[in-house]
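Notes to accompany the following structure.
Proteins come first, then strands; the chains are lettered A, B, ... in the order of their sequence lines, and each starts at number 1.
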There are 2 protein chains.
Amino acid sequence: MARLTMRDISHATGFSVFTVSRALSGGDGVSEQSREQILKAAQELGYVVNRAAQELRRANRDTVAVVTAGTSNSYYLDLMAGIQRALDPSAWTVIIGDVAVDGAYDARLEARIVQRLIESRTAGVISALTLQPEHTELLAKWDIPIVFVDSSPEAAHFPSITTNNHDASLMVGQHLAEHGYREWLFLVYPTKWSSRFGRESGLREAARLAGANLVVLETANDAASARTALAHHLDDSATSPHVLIAGNNPLLLGAMGLLRQRMIRIPEDMAVVAYDEFAWSALTDPPITVLNEHSEEVGRRAAMMLRGIIEEQEEAQRKGQSSSPRYLPEHQQQVPARLMLRGSCGCAAGSVLDGALVKSA
Amino acid sequence: MARLTMRDISHATGFSVFTVSRALSGGDGVSEQSREQILKAAQELGYVVNRAAQELRRANRDTVAVVTAGTSNSYYLDLMAGIQRALDPSAWTVIIGDVAVDGAYDARLEARIVQRLIESRTAGVISALTLQPEHTELLAKWDIPIVFVDSSPEAAHFPSITTNNHDASLMVGQHLAEHGYREWLFLVYPTKWSSRFGRESGLREAARLAGANLVVLETANDAASARTALAHHLDDSATSPHVLIAGNNPLLLGAMGLLRQRMIRIPEDMAVVAYDEFAWSALTDPPITVLNEHSEEVGRRAAMMLRGIIEEQEEAQRKGQSSSPRYLPEHQQQVPARLMLRGSCGCAAGSVLDGALVKSA
DNA sequence: ACCGCCAACCTAATCGTTTAGGTAAGGTGA
DNA sequence: TCACCTTACCTAAACGATTAGGTTGGCGGT
């Protein structure tokens with residue numbers, strides 16, 4: 001049946017296009033009776049407004065985008081849940097831009113997605129990775145606010161919600177030291193995901209304090225690469241690590257596959273701890289001790305912050321002031337993490353974290 | 001800096017808006033020299049085309065939407081990967097519409113998302129669940145083609161890529177019979193996901209042939225509900241099942257949590273098999289025997305089919321023929337599944353499936 | 001010199017909404 | 001009666017791109 005427009009509703013009801021528009025979008029200037037008549041006709045004809053035309057004419061946008069790299073990391077699922085919860089779906093549309101192909105970050109794809117977001121004049125962006133400087137600049141030029149989650153670009157004034165990775169990693173390291181481990185192997189993703197910095201520095205400090213030896217092994221951010229990297233490392237190095245620290249979920253998965261294949265027992269032969277809680281963590285063999293970022297809380301806060309920035313921006317624009325988003329110092333927040341002690345680190349079960357007690361399943 | 005338009009580029013270069021448009025979109029009628037000049041100016045000024053205006057004017061759309069319910073099911077991640085692979089990202093944009101809130105299907109959200117897809121005049125839809133009839137009708141009215149994956153609506157003429165769930169389930173059942181299990185418990189999600197039908201009928205037939213007793217326990221499609229439902233069932237029923245068949249991943253997760261808590265040993269006290277492969281399946285305690293749907297292949301095929309339908313539709317429209325999509329019998333395809341035998345069913349490792357041999361990790 | 005053709009470019013209409021700026025009818029108060 | 005509101009509605013001008021249908025100027029062929 002194709003192309004039904006307001007003009008068709010206008011003809012069907014005898015009202016002008018203006019009145020139809022007002023009736024459908026809920027503005028005033030239309031009597032209750034006429035509105036009902038128009039809504040009924042639109043419903044019957046199956047009319048749906050053309051968003052391209054609407055957005056072209058309207059000033060304010062209502063779509064925010066979440067930029068991630070590799071949604072296979074279950075961390076992102078919780079993040080998204082938090083974001084969705086903070087943005088009323090009847091008022092906002094959330095879209096996801098995944099800048100990874102086959103699970104691996106792709107620079108050209110990042111460029112295309114940023115381009116695409118500007119093309120559709122997105123109201124705001126939540127980014128789970130450090131974007132390339134030219135892209136943050138381009139978004140800034142178009143007055144599109146960005147909130148970074150668990151990452152923040154070098155240009156330091158951008159809003160961000162990050163986990164306090166340094167302190168959390170320090171806590172992890174202290175726990176490992178208590179177990180008596182001296183040789184630590186940190187299997188980690190590249191610095192594009194800037195949570196790397198805090199995690200590494202915290203572990204370094206803990207290792208220094210405990211007199212342990214920390215080896216950092218960098219790998220691409222997917223399970224297969226992690227497995228290969230770890231295999232080569234174990235083959236090449238003389239000493240075997242006492243404990244393996246997996247930088248995130250895909251890396252843990254790759255490492256666990258290798259350890260199982262090589263019949264390396266956990267934690268007897270090598271202890272394991274990992275970053276980021278995941279659904280199956282308590283049901284693996286053995287259950288995995290995990291540093292739990294509150295990614296849902298991170299998502300919730302990021303979305304609320306972004307919403308606030310957008311609203312303030314719109315208000316300023318109405319008043320004829322600058323239309324660029326205003327970033328304030330309080331737009332940089334940190335949320336604490338908790339350590340979930342399970343079998344893989346050498347513990348039995350039940351545990352301390354930031355002062356709170358956690359039972360494992 | 002706000003609102004940069006083609007007119008600005010036009011003023012900056014001295015060319016008309018027409019020439020700027022042609023230069024940027026790669027059409028002819030522009031000399032190579034002028035084009036370079038225009039591209040350079042656009043680049044320097046940071047101009048990005050306004051997609052709303054572009055889509056309003058243009059006939060053809062280039063966005064396809066994937067409708068899912070609860071992306072926490074890792075099945076969807078593979079599905080998405082397959083879809084992405086089949087749709088060249090420089091030509092197509094793929095968006096995800098998740099019709100679940102907090103992991104549970106939400107009817108009102110489905111209505112909103114369908115509305116939203118029509119508003120933006122989406123080129124086509126891939127749906128992972130049976131949509132409400134009024135919604136398939138509305139999409140049909142707007143000539144938006146739909147391909148269903150692992151589900152198909154009652155109106156039977158729609159394109160669909162489904163796993164051959166009946167035959168696959170029959171295979172599962174036969175395997176369970178070989179282990180000698182007589183009491184089967186099928187923990188399963190509602191029929192809104194229509195893969196339920198084939199899975200249940202295959203198990204029923206297998207149970208009949210083997211003289212086993214099949215109990216079907218329906219639960220909402222998330223881990224927490226599954227856990228509660230299973231707990232009540234085990235408490236209430238006199239006989240304990242020999243084997244638990246989990247209808248999908250979240251249900252398996254819920255069930256495994258309960259079995260571990262109650263110290264029910266797998267497979268000694270109760271065997272477990274599940275539908276849908278997942279990343280951690282070989283690393284749980286014990287490794288889980290799984291019926292592996294080739295969800296990436298399903299996604300790939302669905303995307304290719306949808307693309308074909310859209311292209312045919314556009315061609316017909318150019319010729320002035322009907323603009324509604326043409327659905328053919330060959331648009332209904334089935335892909336086979338494979339059974340991945342691991343420890344949880346009572347096997348040791350390594351296995352048959354559809355004639356192919358599979359090693360478990 | 002003349003004609004025709006092509007490349008390169010322009011003007012202006014158009015897509016489907018929203019909205020600024022009207023108007024006409026009816027009510028109200030002095 | 002008149003001036004003045006208010007309500008309910010309309011006309012017409014945007015929004016920023018694409019594109020049908022011109023208009024040039026230059027070149028080649030005869």
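Using modelled atom types, one side-chain atom of A/Thr130 and one backbone atom of A/Lys192 make a donor-acceptor pair closer than 3.5 Å. A donor-acceptor pair under 3.5 Å links the side-chain atoms of B/Arg121 to the main chain of B/Ile118, judged by distance alone.
Of the residues in residues 116-124 of chain A, none has a non-hydrogen atom less than 4.0 angstrom from any atom of DNA chain D.
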Pull out every protein N or O sitting under 3.5 Å from an N or O of nucleotides 18-20 of chain C, one pair per line with the distance.
| from | atom 1 | to | atom 2 | distance (Å) |
| --- | --- | --- | --- | --- |
| C/dT18 | OP1 | A/Gln54 | NE2 | 3.0 |
| C/dT18 | OP2 | A/Ser21 | OG | 2.3 |
| C/dT18 | O2 | A/Arg57 | NH1 | 2.1 |

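Using the six-membered ring where Trp is involved, B/Tyr327 and B/Phe158 have ring planes that are tilted, between 30° and 60° apart.
A search for salt bridge (Lys or Arg N to Asp or Glu O under 4.0 Å) contacts involving B/Asp8 returns nothing, not counting sequence neighbours. A search for salt bridge (Lys or Arg N to Asp or Glu O under 4.0 Å) contacts involving A/Glu137 returns nothing, not counting sequence neighbours.
Side-chain nitrogen and oxygen atoms of B/Ser31 include at least one within less than 4.0 Å of the OP1 or OP2 phosphate oxygen of C/dC9.
With a cutoff of under 4.0 Å to any heavy atom of chain B, the contacted region of DNA chain D is bounded 5' to 3' by D/dG16 to D/dA20.
Checked against B/Pro325 for a side-chain contact (heavy atoms from CB on, under 4.5 Å), the options B/Val147, B/Leu139, B/Ile309, B/Ile144 give a single hit: B/Ile309.
Between B/Ile146 and B/Pro159 the shortest side-chain heavy-atom distance does not fall below 4.5 Å. Contact check for A/Leu39 versus A/Leu24: side-chain heavy atoms found under the 4.5 Å cut-off. A 4.5 Å side-chain heavy-atom check between A/Leu138 and A/Glu134 finds every atom pair outside the cut-off.
Nearer the 5' end of DNA chain C, as judged by each residue's closest nucleotide, is the contact made by B/Val30, out of B/Val30 and A/Tyr47.
As rounded to whole Å, 17 Å separates atom C1' of C/dT14 from atom CD of B/Glu55. The CG-P distance, from B/Asp28 to C/dA7, rounds to 9 Å in whole Å.
Ionic pairing of A/Asp106 and A/Arg112 is not present here: no N-O contact between side-chain nitrogen and carboxylate oxygen is shorter than 4.0 angstrom. Looking at A/Asp62 and A/Arg51, a side-chain N of the basic residue comes within less than 4.0 Å of a carboxylate O on the acidic one, giving a salt bridge. Checked for salt-bridge contact, A/Arg85 and A/Glu296 meet the test: a charged N lies under 4.0 Å from a carboxylate O.
Each end of the helix from C/dA1-D/dT30 to C/dA30-D/dT1 gets its own rotation axis from five pairs of C1' atoms, and the angle between them is 40° to the nearest 10 degrees.
Atom CG of A/Asp88 has more than 12 heavy atoms from other residues, nucleotides or ligands within 6.0 Å.
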